[in-house]
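Reading through the structure tokens given below for one structure.
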Amino acid sequence: MESEQRLKRKRIYRPYSRAQFLSRRSLILCLSFFVFLMFLSSERFPIRTVSFHPVVSVPSLSILSKNSLQDSFHAKLRFPLSVEDRVLFPDHLLLLVSDKIDEAEKLDCVYHKVLNHKDVVRQRVLSVDEFDGFRSVVRCPLPPWNYSAAAGLMWRGHGVDYSLSLRSNRTVHSWDRLVYEAAFDGKTAVVFAKGLNLRPHKESDPNRFMCQFGLKNSDEEDEGFVVMTEAIVAAQEVVRCSLPSSIRNNRDLAQGIRVTVVLASRNDVEHVRMPSAVRFRNSRSYDHRRNRMRQKENIAVPSVAKLYNSKSYQTKRNDGKFELCACTMLWNQAPALREWIMYHTWLGVERWFIYDNNSDDGIQDVIEELDFQDYNVSRHTWPWIKTQEAGFSHCALRARNECKWVGFFDVDEFYYFPRHHRRGLPGQNLLRSLVANYSSSRTIAEIRTACHSFGPSGLSSPPLQGVTVGYTCRLQSPERHKSIVRPDLLNETLLNVVHHFQLKKGFRYLNVPESSIIINHYKYQVWETFRAKFFRRVATYVVDWQENQNQGSKDRAPGLGTEAIEPPNWRKQFCEVWDTGLRDFVLANLADPAAGSLPWEKSLL
């Protein structure tokens, strides 16, 4: 009897229980979906798809083509760009963006009024470049009067709220005081900073500095997780610090981590020096008040520098390092590149590092053409004005794993071997053969070559066949020198005076006799070319032409003032000795036998 009643109860209650279970599950699913919709629509969670609302409306009396539908769809797909950092330079505003930017010609810089954020103006971007393989740099005009430099970015023709690009960070950094670059080097990090006021051309006391590694942004109030290490060496704009052990053991942990330099307090310098050189500051591990006190004691320099563990730019040969590479920094000298690279490649340079300091003369097209012709040229965006010495230090680090020797010289400087020319000996690969003789040396780490400065040589317009053929009159005495160095034997400070480095202890430089090798420096070219030097120079400790300082320096033209006004008889100046050696050398070895043309002359076809 009991079993029959139990079966009845099962038949009665089973359908009810299943329906109850289904209704609960349905309710939970509906609530979850509703919460998800609320999450997407909430402005507290500005994920990138928040501005994506693709709507395609088809009028009843017309039919859209397939292409029109695609254009409409892609127009709605364009996301607002996230501005990570801003740097205010004297002549433009630099934005660091955490996106790769295509179609830069459709991008505007957007500025809001200081006291009225609804009042905005838009201006076209000046230029856009890829930067460090993970970010882009956008150069904007200076903000209009009474408008904020906390600019955003907006796609032209799209009604996207540009305030999204301001939501994460509105900080504007001054170029006078800023950590701007950082790079791995073994178990250390090399950090590049402006405004430390260190002595030029000399080492400084590293005890004054520490490096701070952290995930926090510059405008965040909460410190988050921060690790500090002590500086090992410091010189000019470079501070080298040991890596925290967590990063040293696994560099992938440091991908995109922000690095800055901290000016150590006297208490830290005198009493808290530890061999391990590592201090942790974390609000979860240490008392909050102690962190705040140390933050006041130690002054961190504002930073836009991040560490990235990337080797994508390396092009090492299959059988080892390149014997000879070359590095230069330039601004708006694209027309000079073809002759300089093609000639020195013939002399034996195998790899080229071009540090571009904000050029806007089509340099990327020239480099792509050269690279397409297998000249192994790479362009590195270096947006930091007047930092040539720091740029060369960065290039030395970058080239260390690829090159046995690296030459640091400018695009108007050309190596020439007068003894070989006079004897009629072959000239191809002479420069590479020279340095290869010292690659196994236990004492020589630098080869220095003197320079002869050439003048306009009577010309009034740029020579059609290039500087090596066109300029043939120079000053009598050589001026200064340029160097080719072994990057693995440089002093750990990476201290350099534009074109030569401080070497490791126990190594020295070699001065090559002028009769064997000389550099023709086409310093004073026709006025049309030379006047560009008045606008800006790339070296840190070389005064710009407009400034009324050091007018007797060899870095300036003798007798030339501070204005870009052509002096009388410019074309006849700086001419004491007629010297056609390199011209004859080039024509004898590189000119086409039939047409007489040179490799860098572009075909008229």
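Since this is a predicted model, take the numbers as computed values, not measurements.
Contact check on R258 versus D85 returns a salt bridge, with a Lys/Arg side-chain nitrogen under 4.0 Å from an Asp/Glu carboxylate oxygen. Of the charged side-chain nitrogens involved, at least one lies within less than 4.0 Å of a carboxylate oxygen, so that R135 and D132 count as a salt-bridged pair.
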- request: Please lay out, stage by stage, how D360 and R139 fare under the test salt bridge (charged side-chain N to carboxylate O under 4.0 Å, His left out).
  value: CA-CA 11 Å; D360 57 5; R139 300 176 185 89; over 6 Å; no
Apply side-chain hydrogen bond (donor to acceptor under 3.5 Å, both in side chains) to the pair T493 and E203, showing each step before the final yes or no.
-> CA-CA 7 Å; T493 62; E203 293 188 40; 4.8 Å; no
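For the ring-ring contact (aromatic ring centres under 6.0 Å, His included) test, residues two or more places apart in sequence or in another chain that qualify with F192 are H394. For Y180, the ring-ring contact (aromatic ring centres under 6.0 Å, His included) partners at least two apart in sequence or on another chain are W175, W384. For W600, the ring-ring contact (aromatic ring centres under 6.0 Å, His included) criterion is met by no residue, not counting sequence neighbours. In this structure H92 satisfies the ring-ring contact (aromatic ring centres under 6.0 Å, His included) test together with F89, sequence neighbours excluded.
Among residues at least two apart or in separate chains, salt bridge (charged side-chain N to carboxylate O under 4.0 Å, His left out) pairs with a member in residues 182-191 are D185-R240, D185-R400. Note on residues 101-144: pairs passing disulfide (SG to SG under 2.5 Å), not counting sequence neighbours, are C109-C140.
A cation-pi arrangement, defined by a distance under 6.0 Å to the six-membered ring centre and an angle within 45 degrees of its axis, is absent between R398 and F353.
One N or O on the side chain of D361 and one on the backbone of A334 form a donor-acceptor pair closer than 3.5 Å. For the pair S483 (side chain) and V485 (backbone), a donor-acceptor distance under 3.5 Å is absent. In this structure, the side chain of N358 engages the main chain of P383 through a donor-acceptor pair within 3.5 Å. Under a 3.5 Å cut-off, the side chain of D205 and the backbone N or O of N207 do form a donor-acceptor pair. For Y111 (side chain) and N146 (main-chain N/O), no donor-acceptor pair under 3.5 Å exists by modelled atom type. Checking side-chain atoms of Q236 against main-chain N and O of A390 turns up no donor-acceptor pair under 3.5 Å.
S393 and N496 are linked by a side-chain donor-acceptor pair at a separation below 3.5 angstrom, with hydrogens and angles left out of the test.
Aromatic ring pairs are classed by plane angle as parallel below 30°, tilted from 30° to 60° and perpendicular above 60°; the pair Y524 and W570 is perpendicular.
Remark: aromatic rings of F454 and Y471 are distant, center separation not under 6.0 Å.
Each of W352, F392, Y522, W340 was compared with F409 under the ring pair (Phe, Tyr, Trp, His ring centres under 6.0 Å) criterion, and only W340 meets it.
Heavy atoms of other residues, nucleotides or ligands lying less than 6.0 angstrom from CD of E130 number 12 at most.
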